[in-house]
2 protein chains.
Amino acid sequence: MHYTRDNMAGLLRSHDINPTHQRIEIAHALFSRQEHLSADQVMAVVNTRHSETSKATVYNTLKLFLEKGLVREVIVDPSKVFFDPNTSPHHHLYEVDSGKLSDIDAEHVVISGLPPLPAGMVTEGIDLIVRVRRTR
Amino acid sequence: MHYTRDNMAGLLRSHDINPTHQRIEIAHALFSRQEHLSADQVMAVVNTRHSETSKATVYNTLKLFLEKGLVREVIVDPSKVFFDPNTSPHHHLYEVDSGKLSDIDAEHVVISGLPPLPAGMVTEGIDLIVRVRRTR
DNA sequence: TCCGGATATTAGACAAAGTCCAGATCGACG
DNA sequence: CGTCGATCTGGACTTTGTCTAATATCCGGA
Ligand SMILES: [Mn+2]
Ligand SMILES: [Mn+2]
Ligand SMILES: [Zn+2]
Ligand SMILES: [Zn+2]
């Protein structure tokens with residue numbers, strides 16, 4: 001599956017997002033790469049040729065994508081949030097030295113023995129992060 | 001077990017940390033409460049009566065505690081790091097609305113089916129965070 | 001006790017991520 | 001075209017955390 005700019009409008013609409021030029025560019029940055037990008041990185045990608053999209057719009061748009069369930073947030077680095085175009089259930093491998101973040105398919109991972117939730121609470125998600133370091 | 005200021009000096013020494021007045025106060029803030037505190041919260045606790053410890057010292061000290069394995073870092077809120085006096089293996093329950101963070105004993109939790117690590121990598125830790133929300 | 005070096009603390013400048021707002025711009029529709 | 005709600009924007013602002021150079025404290029030896 002190839003994510004072209006033309007695809008993006010439909011993808012956005014299917015998530016109830018009005019496809020503007022900026023939103024298409026930002027979605028394209030995330031989905032064509034299928035990588036975890038910080039707001040700063042999205043900003044850089046979108047403004048490579050010449051400045052096109054403001055910082056405010058990048059942040060507003062990423063938050064909108066998040067609310068609409070188009071992307072997911074990964075909180076793994078204390079200094080910045082990563083945005084993840086992969087919203088299917090999966091976990092993360094984080095290389096602490098390089099900051100490299102990669103996906104772990106959730107299909108074969110089983111988490112069992114969790115205690116029952118406190119009353120009146122519902123699970124919003126389970127984040128599993130494997131922090132690894134280079135041997136030396 | 002009661003964590004008094006007097007205990008703190010021994011605890012710090014046992015972790016190869018020179019027990020100064022400020023370090024004792026900061027350790028006491030964390031260990032007497034047995035709660036997850038942000039740097040800001042530590043700062044507030046330590047300086048309740050009158051200003052005693054600078055921001056730089058709070059941050060320096062928490063980083064030192066971290067390096068020496070006296071406390072653990074919990075990265076769960078995109079805006080601030082929490083410091084955890086509980087270093088035994090355990091997981092976390094995060095209430096996203098209130099920001100309340102509580103421990104899940106690791107004893108009965110089993111995580112299986114994780115793929116093998118890439119070569120030359122060693123696990124530094126596995127963080128499991130259950131994000132919950134109030135039903136409404 | 002006094003001294004000197006090592007260790008620790010400090011104020012405040014600085015940096016980076018993220019938020020906010022009031023005004024400008026866009027674009028769909030008549 | 002012209003209107004108007006939706007969107008975008010520069011830039012000020014906030015918050016978390018880092019850095020540095022000066023000061024203070026601690027401690028072992030003379
Ligand atoms: Mn473009
Ligand atoms: Mn005190
Ligand atoms: Zn991912
Ligand atoms: Zn904990």
Side-chain angles (χ1 to χ4, degrees), chain A residues 8-9 12-13 15-30 36-47 49-68 70-84 96 99 101, chain B residues 8-9 12-13 15-30 36-47 49-68 70-84 96 99 101:
Chain A
M8 291 301 103
L12 292 177
R13 275 193 213 93
H15 282 262
D16 197 25
I17 297 167
N18 192 7
T20 65
H21 175 58
Q22 287 88 342
R23 289 170 182 176
I24 288 170
E25 285 302 317
I26 291 170
H28 186 251
L30 284 161
H36 307 85
L37 299 181
S38 65
D40 223 41
Q41 291 174 311
V42 169
M43 183 88 171
V45 168
V46 160
N47 290 335
R49 296 169 165 277
H50 45 90
S51 188
E52 287 177 5
T53 305
S54 72
K55 184 171 65 149
T57 296
V58 169
Y59 278 98
N60 288 343
T61 300
L62 289 171
K63 187 183 281 184
L64 178 68
F65 286 3
L66 207 55
E67 285 164 9
K68 297 296 189 178
L70 181 62
V71 303
R72 163 180 173 177
E73 217 176 15
V74 183
I75 299 166
V76 80
D77 178 316
S79 74
K80 68 186 77 162
V81 170
F82 287 101
F83 294 87
D84 191 344
V96 289
L101 184 60
Chain B
M8 291 302 103
L12 293 177
R13 274 192 213 94
H15 282 261
D16 197 26
I17 298 167
N18 193 6
T20 65
H21 176 59
Q22 287 87 339
R23 288 170 181 176
I24 287 170
E25 286 300 318
I26 291 171
H28 185 251
L30 283 162
H36 308 86
L37 299 181
S38 65
D40 222 42
Q41 290 173 312
V42 168
M43 183 86 172
V45 168
V46 160
N47 290 334
R49 297 169 164 277
H50 45 89
S51 187
E52 287 176 5
T53 305
S54 72
K55 184 171 67 148
T57 296
V58 168
Y59 277 98
N60 289 344
T61 300
L62 289 171
K63 188 184 281 184
L64 177 69
F65 286 3
L66 206 56
E67 284 163 11
K68 297 295 190 178
L70 181 62
V71 303
R72 164 180 172 175
E73 218 176 14
V74 183
I75 298 166
V76 79
D77 178 317
S79 74
K80 66 187 78 159
V81 170
F82 287 101
F83 295 88
D84 191 344
V96 289
L101 185 60

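Since we're looking at a predicted model, the values are computed, not measured.
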- Task: Grab the CG-C1' distance between A:L64 and D:dC8 for me, whole Å please.
- Result: 13 Å
- Item | Flag side-chain contact, heavy atom, 4.5 Å: B:E52 against B:Q22 | no
- Can you tell if the side chain of B:F82 reaches within under 4.5 Å of the side chain of B:L101, non-hydrogen atoms only? yes
- Task: Measure from CG on B:L37 to C1' on D:dG17 and round the result to the nearest Å.
- Result: 17 Å
- Task: May I ask you to test the A:I17-A:T61 pair for a side-chain heavy-atom distance under 4.5 Å?
- Result: no
- Message: Do B:E67 and B:L64 make a side-chain contact, defined as non-hydrogen atoms from C-beta onward lying under 4.5 Å apart?
- Response: yes
- Note on the structure: Separation between CZ (B:R23) and CE (B:M8), nearest 0.5 Å, reads 15.0 Å
- Note on the structure: Interatomic distance, CD1@B:I75 vs CD1@A:I75, rounded to 0.5 Å, equals 10.0 Å
- Item | Over all atoms of both residues, closest heavy-atom pair of A:H36 and A:V74 | CD2-CG2, 4.2 Å
- Please give, in whole Å, the distance from C:dT9 P to B:L62 CG? 12 Å
- Note on the structure: Rounded to whole Å, the CD1-P distance (A:I26 to D:dT7) equals 13 Å
- Query: With sequence neighbours excluded, what pairs up with B:T53 under the side-chain hydrogen bond (donor to acceptor under 3.5 Å, both in side chains) test?
  - Reply: none
- Task: For A:K68, check salt bridge (charged side-chain N to carboxylate O under 4.0 Å, His left out) against everything at least two apart and list the hits.
- Result: A:D16
- Could you run through nucleotides 13-30 of chain C and give me one letter per nucleotide, 5' to 3': B if any protein heavy atom sits under 4.0 Å from the base, S if only the sugar-phosphate is that close, - if neither? B---SBBB----------
- End-to-end bend of the helix from C:dT1-D:dA30 to C:dG30-D:dC1 (five-pair axes, 10° rounding)? 0°
- Is any side-chain N or O of A:T57 closer than 4.0 Å to OP1 or OP2 of D:dT9? yes
- Task: Output the distance between atom CD1 (A:I26) and atom NE2 (A:H21), rounded to the nearest 0.5 Å.
- Result: 10.0 Å
- Item | Sequence-aligned protein contact record of nucleotides 21-29 of chain D, with B where the base is within under 4.0 Å of a protein heavy atom and S where only the sugar-phosphate is | ---------
- Query: Which whole-number value in Å describes the distance from A:E25 CD to D:dC8 P?
  - Reply: 12 Å
- Item | Length of the line joining B:K68:NZ and C:dT7:P, which is rounded to integer Å | 12 Å
- Here the distance between atom C1' of D:dC8 and atom CD1 of A:I24, to the nearest Å, is 15 Å
- Note on the structure: Between CD of B:Q22 and C1' of C:dA11 the distance, given in whole Å, is 14 Å
- Item | Those residues that, when tested against A:D77, pass side-chain hydrogen bond (donor to acceptor under 3.5 Å, both in side chains) (two or more places apart) | A:S79, A:Y94
